[in-house]
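Here is the structure we will look at.
Residue numbers start from 1 in every chain, and the chains themselves are labelled A, B, ... in the order their sequence lines are given, proteins ahead of strands. Since we're looking at a predicted model, the values are computed, not measured.
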Number of protein chains: 2
Amino acid sequence: MAFSFTEENYIKAIYKLGEMHHDAISTNDIAAKLATRAATVTDMLKRLSDKKLITYQRYHGVKLTEKGRKTALAVIRKHRLWEVFLVEKLKFRWDEVHDIAEQLEHIHSDELIRKLDQFLGKPKFDPHGDPIPDEKGVMRLSSSTRLSDANKKGRYILTGVIDHSTLFLRYLSDLKLKLGDELEVQAINEYDQSYKVMINKKHPEFLSKQVVTNILVQAIK
Amino acid sequence: MAFSFTEENYIKAIYKLGEMHHDAISTNDIAAKLATRAATVTDMLKRLSDKKLITYQRYHGVKLTEKGRKTALAVIRKHRLWEVFLVEKLKFRWDEVHDIAEQLEHIHSDELIRKLDQFLGKPKFDPHGDPIPDEKGVMRLSSSTRLSDANKKGRYILTGVIDHSTLFLRYLSDLKLKLGDELEVQAINEYDQSYKVMINKKHPEFLSKQVVTNILVQAIK
DNA sequence: ATATTTTTTTAGGCTAATCTAAATTTTAAA
DNA sequence: TTTAAAATTTAGATTAGCCTAAAAAAATAT
């Protein structure tokens, strides 16, 4: 039961779309996510349905089967473990690893992933703070919230990011902000929802609404 | 200038066939090496020729261009570096790594390979004793010979293997024989060219002609 | 030097994954 | 509730990579 590069990408896209709105996923959404055409997606949905990875009703979108969900989580597990490897061992920056992990996630070898996991010390989170599913496809759900949702003064730990773009990650790095750092919210501007924060008790910064919406934190104490 | 998985495999196969007889490579030999059909090979040769990776004359075989040679060596470099990673870091045995490296060798990222090389300490040989080409595609040629060619008593260091099959590598492991070990040839049977050797000054073994033909050594002193 | 065998190529087809254009179904608006 | 718009599917092509069968060229044997 090994799937193609392309099939795995469709399954992963469907899984990720399903994380938000967990009703059936539309053809158009999948096409947008994969930068392909709706007609192409329809073709593929038939094939994925034949392989029992999704349930598909013409004109009414698709859902992952249990088998599909397992497959998606296995690919996500591989992606995130490889990202840890690239950052921790090869010293890539967190904004450089996505494209390489996109390729590595499709290498087929259970033993490889078992040993890689071991080598990395069985990490629970990737370099962006995303949880890594275990061998069984179990992924602990995040107890983090967007900083914009915390919405009150106090001290927080940066635990993850939502936007994974190079531009955003570089911006955070430029602010000397990385996972595990402390953010003390000193003021929230009611007009534009920008935050005034102190980073690691050292330097004050202004974070726009867009930025605080894309940052995941846990309150301290 | 990135090539497909398949194109890279053809180029690698042509390079390897060219290492032995360095006249033009035949369609049939390529088909045999890749376990495909001659007609399929002919199709691909046209495409590789269009991409200037080979020079191809109908009915008269093919040769790699300089560009093709560089491409082959880059793939071989990746394959061998990944094998080092799998054995040294992930603790795979030397007979388990080939198939996984066959997949990893097609990951496209120069920076990845640069950093992997660094991480591994810029190794010069892979776990089977094969030399690793450098970034420029330069590969030092082996000063090793087949033990069968040494053909006289004396002490040798095991520096490599020719047969990379699981069966052969497992057999050597069972003899407690690995790269760097000492082999003292104590007698050569003139009838069947089998060798009586002492391994690491410890245990004596008989090695058949087939075995000594597939072992690379360097004489000590 | 000719005939036979082997090798290689061509011709024609298949599947996975993609596309555009047209048809169909669903949804939203008047 | 009919109609217009949006979403989706079908139809028909394309490309990469593969196949078999038949034709053509080269190598070998008589």
Strictly by salt bridge (Lys or Arg N to Asp or Glu O under 4.0 Å), give each pair with a member in [range] just once, sequence neighbours left out.
{"range": "residues 134-150 of chain B", "answer": "none"}
{"range": "residues 107-129 of chain B", "answer": "R77(B)-D117(B), R80(B)-D126(B), E111(B)-R114(B), E111(B)-K115(B), D117(B)-K122(B)"}
{"range": "residues 14-43 of chain B", "answer": "none"}

Contact list for DNA chain C against residues 52-63 of chain B - heavy-atom distance below 4.0 Å: Y56(B), R58(B), Y59(B)
Is there a residue in residues 37-46 of chain B whose heavy atoms reach under 4.0 Å of DNA chain C, and which residues are they? A38(B), A39(B), T42(B), K46(B)
Starting at [atom1] of [X] and ending at [atom2] of [N], how long is that distance when rounded to a whole Å?
{"X": "L48(A)", "N": "dT18(C)", "atom1": "CG", "atom2": "P", "result": "11 Å"}
{"X": "N28(B)", "N": "dT9(C)", "atom1": "CG", "atom2": "C1'", "result": "12 Å"}
{"X": "F3(A)", "N": "dA17(C)", "atom1": "CZ", "atom2": "P", "result": "12 Å"}

Closest heavy-atom pair, R93(B) versus V97(B), reported as atoms and distance to 0.1 Å, is O-CG1, 3.6 Å
Closest heavy-atom contact between P127(B) and L179(B)? O-CD1, 3.4 Å
Under the salt bridge (Lys or Arg N to Asp or Glu O under 4.0 Å) test, which residues partner R47(A), sequence neighbours left out? none
Within the structure provided, determine whether L81(B) and F119(B) are in side-chain contact (heavy-atom separation under 4.5 Å). no
Are any of the side-chain heavy atoms of F206(A) and N189(A) separated by less than 4.5 Å? no
List the residues meeting side chain to side chain donor-acceptor pair (under 3.5 Å) with Q210(B), not counting sequence neighbours, and say none if there are none. none
Considering residues at least two apart in sequence or located in another chain, which fulfil the side chain to side chain donor-acceptor pair (under 3.5 Å) criterion with E190(A)? none
Boundaries of the DNA chain D segment in contact with chain A, non-hydrogen, under 4.0 Å: dA7(D) to dT10(D)
Relative to each other, are the rings of W82(B) and W82(A) parallel, tilted or perpendicular (30° and 60° limits)? perpendicular
With sequence neighbours excluded, what pairs up with Q218(A) under the side-chain contact (heavy atoms from CB on, under 4.5 Å) test? S143(A), S144(A), T159(A)
Using a heavy-atom cut-off of under 4.0 Å over every strand shown, decide if Y10(B) touches base, sugar-phosphate, or nothing. sugar-phosphate
Expected list for residues 56-63 of chain B: side-chain donor-acceptor pairs under 3.5 angstrom, two or more places apart:
residue	atom	partner	partner atom	Å
H60(B)	ND1	R58(B)	O	3.0

Angle, rounded to 10°, between the helical axes spanning five pairs at each terminus of the helix from dA1(C)-dT30(D) to dA30(C)-dT1(D)? 10°
